[in-house]
Amino acid sequence: MKIEIIRSRRKTIAIQIKPDLSVVVRAPYGISKREINEFVERKYDWIERKLQEMSRRKEEQKNHSHLTEAQVKELARKALEYIPSRVEYYAPIVGVDYSRITIRNQKTRWGSCTSKGNLNFNCFLMMAPPDVIDYVVVHELCHRKQMNHSKAFWDEVASVCPEYKEARNWLKEHGTLISYE
């Protein structure tokens with residue numbers, strides 16, 4: 001198995017399985033090659049399992065019907081109607097404000113939050129159940145308090161959305177089936 005190593009100013013080692021089934025290890029500058037290899041060895045079963053899952057999902061995706069450009073535009077229109085009202089509902093519960101809301105057609109993200117408070121959401125969220133959409137909204141609003149994925153961040157998410165793990169798993173399991181031509 002070929003593994004790409006990307007070093008950066010991060011603090012921990014992480015493994016990423018990309019959609020093309022390539023494996024990337026992200027590591028801090030100060031970690032030795034030997035430490036990275038030991039980490040990968042410890043995670044070997046997990047890597048194999050994830051590669052199999054992603055391979056299965058890619059096959060399912062090939063067999064899944066694709067959306068036309070017109071259908072994607074309709075999803076974006078619906079998202080512009082629906083998602084801002086969910087943000088408006090949850091912002092006071094989370095205890096944050098926000099700037100602009102943008103709906104996008106993205107391949108890899110369900111949502112994002114900028115340091116200026118701009119919130120971006122993927123129009124394909126409209127194909128998810130309402131509780132999953134709410135989870136993504138809460139997730140992004142919680143980034144207004146914690147611009148990371150620390151324990152404190154996940155505690156914030158859980159305080160508003162206690163069932164967030166189920167929604168996150170739904171996105172992992174079904175999100176790759178959403179695509180367009």
Side-chain angles (χ1 to χ4, degrees), residues 6 8-12 14-20 24 26 28 50 53-54 57-58 61 64-181:
I6 299 175
S8 65
R9 291 175 36 203
R10 62 181 298 123
K11 294 179 180 173
T12 60
I15 299 172
Q16 175 186 18
I17 312 294
K18 291 185 150 186
D20 66 358
V24 176
R26 298 182 182 279
K50 291 299 175 187
E53 284 176 20
M54 288 189 76
R57 287 182 190 159
K58 281 182 86 159
Q61 191 173 17
H64 194 273
S65 63
H66 295 280
L67 298 176
T68 65
E69 190 175 331
Q71 289 170 316
V72 172
K73 285 181 180 175
E74 179 62 14
L75 284 175
R77 187 192 64 73
K78 287 180 180 177
L80 270 172
E81 287 178 8
Y82 183 76
I83 291 175
S85 69
R86 302 314 293 158
V87 171
E88 193 175 316
Y89 173 81
Y90 280 109
I93 295 171
V94 174
V96 296
D97 59 359
Y98 56 93
S99 295
R100 191 179 64 220
I101 297 172
T102 304
I103 304 298
R104 297 188 171 163
N105 169 358
Q106 299 171 298
K107 299 253 187 259
T108 59
R109 291 180 182 233
W110 294 110
S112 62
C113 174
T114 71
S115 58
K116 293 180 180 177
N118 295 327
L119 304 174
N120 303 301
F121 296 96
N122 191 329
C123 68
F124 290 115
L125 276 173
M126 296 312 295
M127 296 178 73
D131 61 315
V132 173
I133 298 171
D134 284 352
Y135 155 69
V136 174
V137 167
V138 168
H139 181 113
E140 298 313 327
L141 286 169
C142 286
H143 278 311
R144 296 290 294 130
K145 288 184 170 181
Q146 300 281 335
M147 287 297 283
N148 54 50
H149 288 111
S150 65
K151 182 180 181 333
F153 168 80
W154 290 113
D155 289 347
E156 288 284 346
V157 173
S159 72
V160 178
C161 189
E163 309 290 319
Y164 80 89
K165 288 182 181 175
E166 288 84 354
R168 201 169 79 181
N169 287 337
W170 189 95
L171 286 171
K172 286 180 182 177
E173 193 64 30
H174 301 284
T176 59
L177 298 178
I178 300 170
S179 63
Y180 71 100
E181 292 180 333

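Since the structure is predicted, the reported quantities are computational estimates derived from the model, not experimental observations.
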Do P129 and V132 have side chains that approach each other closer than 4.5 Å (heavy atoms only, starting at C-beta)? yes
Would T102 and R104 satisfy side chain to side chain contact (heavy atoms under 4.5 Å, CB included), going step by step from the backbone distance to the final call? CA-CA 6 Å; T102 304; R104 297 188 171 163; 3.7 Å; yes
Between W154 and R168, what is the shortest heavy-atom contact and its length? CH2-NH1, 3.2 Å
To the closest 0.5 Å, what do you measure between CD1 (I93) and OG (S159)? 10.0 Å
Would the distance check show the side chain of S99 and the main-chain N or O of K116 forming a donor-acceptor pair, the cut-off being under 3.5 Å? yes
Could you measure the distance from the CG atom of L80 to the OG atom of S85? Nearest 0.5 Å is fine. 11.0 Å
Strictly distance-based, threshold 3.5 Å: is any side-chain N or O of N118 a donor or acceptor partner for the main-chain N or O of T114? no
Distance check, rounded to the nearest 0.5 Å: L75 atom CG versus N105 atom CG? 9.0 Å
How far does CG of N120 sit from OG of S112, to the nearest 0.5 angstrom? 3.5 Å
Kindly indicate, with the supporting measurements, whether the criterion side chain to side chain contact (heavy atoms under 4.5 Å, CB included) is fulfilled by L171 and V136. CA-CA 10 Å; L171 286 171; V136 174; 3.7 Å; yes
What closest approach, in Å, do C123 and A76 show between heavy atoms, and which atom pair accounts for it? CB-CA, 3.6 Å
Over all atoms of both residues, closest heavy-atom pair of R10 and A14: NH2-CB, 3.3 Å
Taking atom CD of E53 as the centre, does the number of heavy atoms from other residues, nucleotides or ligands within less than 6.0 Å exceed 12? yes
Whether the side chain of R144 engages the backbone of D97 through a donor-acceptor N/O pair (distance < 3.5 Å, no angle test) should be reported. yes
What closest approach, in Å, do F121 and V137 show between heavy atoms, and which atom pair accounts for it? CE2-CA, 3.9 Å
Decide side chain to side chain contact (heavy atoms under 4.5 Å, CB included) for Y82 and M126; before the verdict, give the C-alpha distance in whole Å, the side-chain angles of both, and the deciding distance to 0.1 Å. CA-CA 9 Å; Y82 183 76; M126 296 312 295; 3.8 Å; yes
Is it true that E81 and K78 have a side-chain N and a carboxylate O under 4.0 angstrom from each other? no
CE on M147 to NZ on K145, rounded to 0.5 Å: 14.5 Å
Could you tell me whether the side chain of R100 reaches within less than 4.5 Å of the side chain of L119, counting heavy atoms only? no
When rounded to the nearest 0.5 angstrom, what is the spacing between NZ in K50 and CD1 in I15? 11.5 Å
Can any side-chain N or O of N122 pair as donor or acceptor with the backbone N or O of Q106 at less than 3.5 Å? yes
Taking every non-hydrogen atom, the tightest pair across Y135 and A167: CB-CB, 3.5 Å
Please report the C-alpha distance between E163 and D131 in whole Å, then the side-chain angles of each, then the deciding distance to 0.1 Å, and finally whether the side chain to side chain contact (heavy atoms under 4.5 Å, CB included) criterion is met. CA-CA 9 Å; E163 309 290 319; D131 61 315; over 6 Å; no
C142 to F153 - nearest heavy-atom pair and separation: CB-CE1, 3.6 Å
Judged by atom type as modelled, is there a donor-acceptor pair below 3.5 Å linking the side chain of Q146 to the main-chain atoms of H143? no
Does a donor on one side chain sit under 3.5 Å from an acceptor on the other, for D134 and Y90? yes
